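Bear in mind the structure is a predicted one, so any value in this text is a computation, not a measurement.
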Amino acid sequence: MGRNRVNIPPPPVALDTVEAIRKVFTEKLYNHLGRFPEVATDNDRYLALAFTVRDRLHRRGMATGETYYRQRCRTACYLSAEYLPGPHLARNLLNLGLLDEARQAMADLGLSFDGIAKQEEEPGLGNGGLGRLAACFMESMATLQIPAIGYGIRYEFGIFDQAIRDGWQVELTDKWLGKGNPWEIARPEIQHEVPIEGYTEMFTDGNGNHRVRWVPAHVVKGVAYDTYIPGHLVNTANLLRLWKAEAAESFDFEAFNVGDYWRAVEDKIDSENITKILYPNDEPMRGKRLRLEQQFFFVSCSLQDMIRIFLQTGSDLGGFSGKYAVQLNDTHPAVAVANPALAALLDNVLGPGCVSDLARLEGLEPLAPDPSFQEEWRAVKRAGKEALAGEILRRTGIVVDPDALFDVHVKRIHEYKRQHLNILHVVALHQRLRRDPGDQAPPRVVIFSGRAAPGYRMAKLIIKLIHSVAERVNADPETKDRLKVVFLPDYNVKNAMPIFPAADLSQQISTAGMEASGTGNMKLALNGALTIGTLDGANVEIREAVRPENFFLFGLTAGEVEDLRGSGYRPRDHYQSDPMLREAVDLIASGEYSAGDNALFLPLTGSLLENDPFLVLEDFADYIRCQADVERAFNDRPGWSRKSILNVARIAPFSSDRAIAQYCRDIWKVEPETVQVEGKSRAKGQGLRV
């Protein structure tokens, strides 16, 4: 490993102290933004702090780049059409080891760090597990000091912001770049041309050989935008380079002169559409073509850029494969999660630094049955639940009890993920509690969050059903202290941050054989939530890791699902033979949960009864049985705490650090490279990444 110190000039002011952060923050407010404190807006204060942190981050980025240049390191290039990093400010301070200092510096100025951090718009660069995986891998590569570059697309607009109106999802434009992005550096001098569409023509070359040439319809220019991704408490800050599409010639002066104003800017509009929005609607053929153009565009730009960098230190492209290992993002082995209280407890009992060495979580096993440690564990969990309860009240107006079972189902809304199976259980539980006020079921808060694709009518109807059931259940004076239903809108990394530390139960109930892998199940298990789920996706590996007795399993296996579909599935048979199921379906269909509107949910109940493509009715009875097991387990608080602790103790194999280390060893053949730069790294347990 190379350890040469690079010649990065010393910073004007080091940022290792509260006083230094306070001083630079004030300077940025005055000189960079042209504001004095009395007139500064919340966004001004966010930008000033972001620029304060960015200066230190960029020094590490420069030192990292120069180290790689001088050492001619073999480099991993990670290509992903999505990245879902979440807000940068708090994460960068955490990884730089300056989060506590920044909090104190803002407090000394009479400002709230949390209030400032909330001003940050989440980057609209990804959606769900695929983008989250890519962001986690980038952070893990930096933490493990792996020479790496991430390549992707700089989308002008994210997938959409979700608002709820009268229980229905409404899509709003995600203008995440509307107030600028202080973390990126525009690189207009780094641009590559990408030919798009066109035709081929045959010709004969000077030697009489038959040839075919491609004549593109137009050429798009890809312009680089750079963001540095720091590792956790190390000097490495790797580069994430995103491409923005621009027209090779943005203005047709000749067309303008003859009065054809549309044609004067037509090429600019068509070119920039390529990176205009994440996930364009690909139902029409034009949408499918645009998705393909996006992929082709960013891969072409990225490969051209790798060649450009390679030629900086050599001219023989025969050595290209020795310089780069190129990985495409196409799987979901790991995730990351903003839980300081749990990390502090783990550092206290396992020693500092377990955040970067999750294998040490095994040391929790002997503590799992210890009553005093269980008390500490429950105190951390309850603090998370109190924080989420406050967020629920602020965003929805619903009051929830932190001592209740927090039953969490957060993911994309889709029939195969079976949020409607969960709601059927809620309806059945609601009726059960109404009939028997002395029922021993623990108080439960069922928490949903997720987005439906704009064109997915049934998924949108499921969101409406959740809200309709919530409205009826939460207002019922007979059960409102025993059962609450909450939908938190606009699910993203920022809004997920308070959810994961608070979860008691993790709903991973997709139809077996349908989930590619899943990532939320890993995040929730790491935060001490127990899983109720099918043998689908990563649930299989999680159950093996945490042991079957610490996992609530129900439902058909993937093989049984295929057999049932092949033999002829009759969902109405379950409806006829199961009184609890029949009551739940009938109540929804009758309008009991929709103010008497008995037509509203007929498309949903009709689909379940006539074809039930994702076997909701087939798995209902076993799901109810499994939920009864959950109730008994939660009522045994010491037993539940033991299971929760063991989930965390045994989840280390799902670490993105572990996955990246294995990639480097077995596939990429990339070695770590230590970066030396002024300043010191401090091991402080302020977060937990897996």
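- Under a cutoff of 6.0 Å and an axis angle of 45°, Arg74 and Tyr324 do not form a cation-pi pair.
- Electrostatic pairing of Lys175 and Glu121 does not count as a salt bridge here, judged by no charged N lying under 4.0 Å from a carboxylate O.
- Proximity of a side-chain donor or acceptor of Ser655 to a complementary backbone N or O of Asp657 within less than 3.5 Å is detected.
- Across Ser140 and Ser656, no two heavy atoms sit closer than the pair OG-OG, 2.5 Å.
- Put simply, the side chain of Glu120 gets close to the backbone of His88: a donor and an acceptor are under 3.5 Å apart.
- Residues Leu144 and Thr236 fail the side-chain proximity criterion, which asks for heavy atoms closer than 4.5 Å.
- Taking CD from Glu541 and CD1 from Ile651, the interatomic distance works out to 10.5 Å, rounded to the nearest 0.5 Å.
- A donor-acceptor pair under 3.5 Å links the side-chain atoms of Asp205 to the main chain of Gly208, judged by distance alone.
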Do Lys221 and Glu193 pass the salt bridge (Lys or Arg N to Asp or Glu O under 4.0 Å) test, and can you show the C-alpha distance, the side-chain angles, and the key distance before you say yes or no?
CA-CA 4 Å; Lys221 181 172 63 178; Glu193 292 189 344; over 6 Å; no
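- A search for side chain to side chain contact (heavy atoms under 4.5 Å, CB included) contacts involving Leu292 returns nothing, not counting sequence neighbours.
- What you find for Leu57 and Ala237 is that their closest heavy atoms are CD1-CB, 4.1 Å.
- One finds a salt bridge joining Glu515 and Lys417 here, because a Lys/Arg side-chain nitrogen approaches an Asp/Glu carboxylate oxygen to under 4.0 Å.
- Heavy atoms only, all atoms of each residue included: Gly124 and Asp174 are closest at CA-OD2, 3.7 Å.
- Arg54 pairs by the side chain to side chain contact (heavy atoms under 4.5 Å, CB included) definition with Phe51, His58, Trp183, not counting sequence neighbours.
- We find that Lys494 and Glu122 are not joined by a salt bridge, their nearest charged nitrogen and carboxylate oxygen being 4.0 Å or further apart.
- Separating the OG1 atom in Thr67 from the CD atom in Gln145 is a distance of 10.0 Å, to the nearest 0.5 Å.
- Two residues are said to be in side-chain contact when any heavy atoms from C-beta on lie closer than 4.5 Å; Ile153 and Gln294 meet this criterion.
- Salt bridge present: Arg289 and Glu197 bring a charged side-chain N and a carboxylate O closer than 4.0 Å.
- Side-chain contact between Met306 and Val326: present, with at least one pair of heavy atoms (C-beta onward) separated by less than 4.5 Å.
- Considering only residues two or more places apart in sequence or on other chains, His192 meets the ring-ring contact (aromatic ring centres under 6.0 Å, His included) condition with Trp243.
- Residues Pro182 and Gly180 approach most closely at CD-O, 3.9 Å, considering heavy atoms.
- Shown here are the side chain to side chain contact (heavy atoms under 4.5 Å, CB included) partners of Gln295, two or more places apart in sequence or in another chain: Ala81, Phe298.
- Distance check: Ile229 CD1 to Asn92 CG gives 7.0 Å after rounding to the nearest 0.5 Å.
- Between the side chain of Arg360 and the backbone N or O of Gly351, at least one donor-acceptor pair lies under 3.5 Å.
- Trp668 meets the ring-ring contact (aromatic ring centres under 6.0 Å, His included) test with Tyr663; sequence neighbours excluded.
- No donor-acceptor pair under 3.5 Å is formed between the side chain of Thr275 and the backbone N or O of Tyr155.
- For the pair Thr17/Ile21, no side-chain contact is recorded, criterion being any heavy-atom separation below 4.5 Å from C-beta on.
- Partners of Tyr68 by side chain to side chain donor-acceptor pair (under 3.5 Å), not counting sequence neighbours, listed by chain and number: Asn238.
- No side-chain heavy atom of Thr75 sits under 4.5 Å from any side-chain heavy atom of Val670.
- Expressed to the nearest 0.5 Å, how far CZ of Arg154 lies from OH of Tyr225 amounts to 4.5 Å.
- If you take CD1 on Ile307 and NZ on Lys323, they are separated by 13.5 Å, rounding to the nearest 0.5 Å.
- A search for side chain to side chain donor-acceptor pair (under 3.5 Å) contacts involving Gln312 returns nothing, not counting sequence neighbours.
- Residues satisfying the ring-ring contact (aromatic ring centres under 6.0 Å, His included) criterion with Tyr46, sequence neighbours excluded, are absent altogether.
- Between the side chain of Tyr83 and the backbone N or O of Tyr151 there is at least one donor-acceptor pair closer than 3.5 Å.
- Arg60 places a side-chain N or O within 3.5 Å of a backbone atom of Val234 that can act as its donor or acceptor partner.
- When side chains are defined from C-beta on, Leu278 does not count as touching Leu125, because their heavy atoms never get closer than 4.5 Å.
- Counting only residues at least two apart or on different chains, the salt bridge (Lys or Arg N to Asp or Glu O under 4.0 Å) pairs with a member in residues 295-312 are Arg241-Asp305, Asp305-Arg308.
- A side-chain donor-acceptor contact under 3.5 Å links Glu139 and Asn95.
- Taking Tyr491 as the reference, nothing meets the ring-ring contact (aromatic ring centres under 6.0 Å, His included) condition, with sequence neighbours excluded.
- Panel note: side chain Arg72, backbone Thr313; a donor-acceptor pair is recorded below 3.5 Å.
- Here the closest heavy-atom approach between residue Val194 and residue Cys301 is recorded as CG2-SG, 3.6 Å.
- Between the side chains of Gln508 and Ser506, a donor-acceptor pair is found at a separation under 3.5 Å.
- Residues satisfying the side chain to side chain donor-acceptor pair (under 3.5 Å) test with Gln304, not counting sequence neighbours, are Ser300.
- Residues Leu98 and Val53 are not in side-chain contact: their nearest non-hydrogen atoms beyond the backbone lie 4.5 Å or more apart.
- The side chain to side chain donor-acceptor pair (under 3.5 Å) search around Glu365 returns Arg650, not counting sequence neighbours.
- At a threshold of 4.5 Å between non-hydrogen side-chain atoms, the residues Asn539 and Phe551 count as touching.
- When all heavy atoms are compared, the tightest approach of Tyr228 to Arg187 is OH-NH2, 3.8 Å.
- Taking CZ from Arg132 and CG from Asn127, the interatomic distance works out to 13.0 Å, rounded to the nearest 0.5 Å.
- With Asn329 contributing its side chain and Leu130 its backbone, the two residues share a donor-acceptor pair below 3.5 Å.
- Ion pairing between Arg213 and Glu201 holds under the 4.0 Å rule for side-chain N and carboxylate O.
- Side chain of Asp536 to main chain of Gly513: a donor-acceptor pair is present (N/O by atom type, distance under 3.5 Å, no hydrogens or angles).
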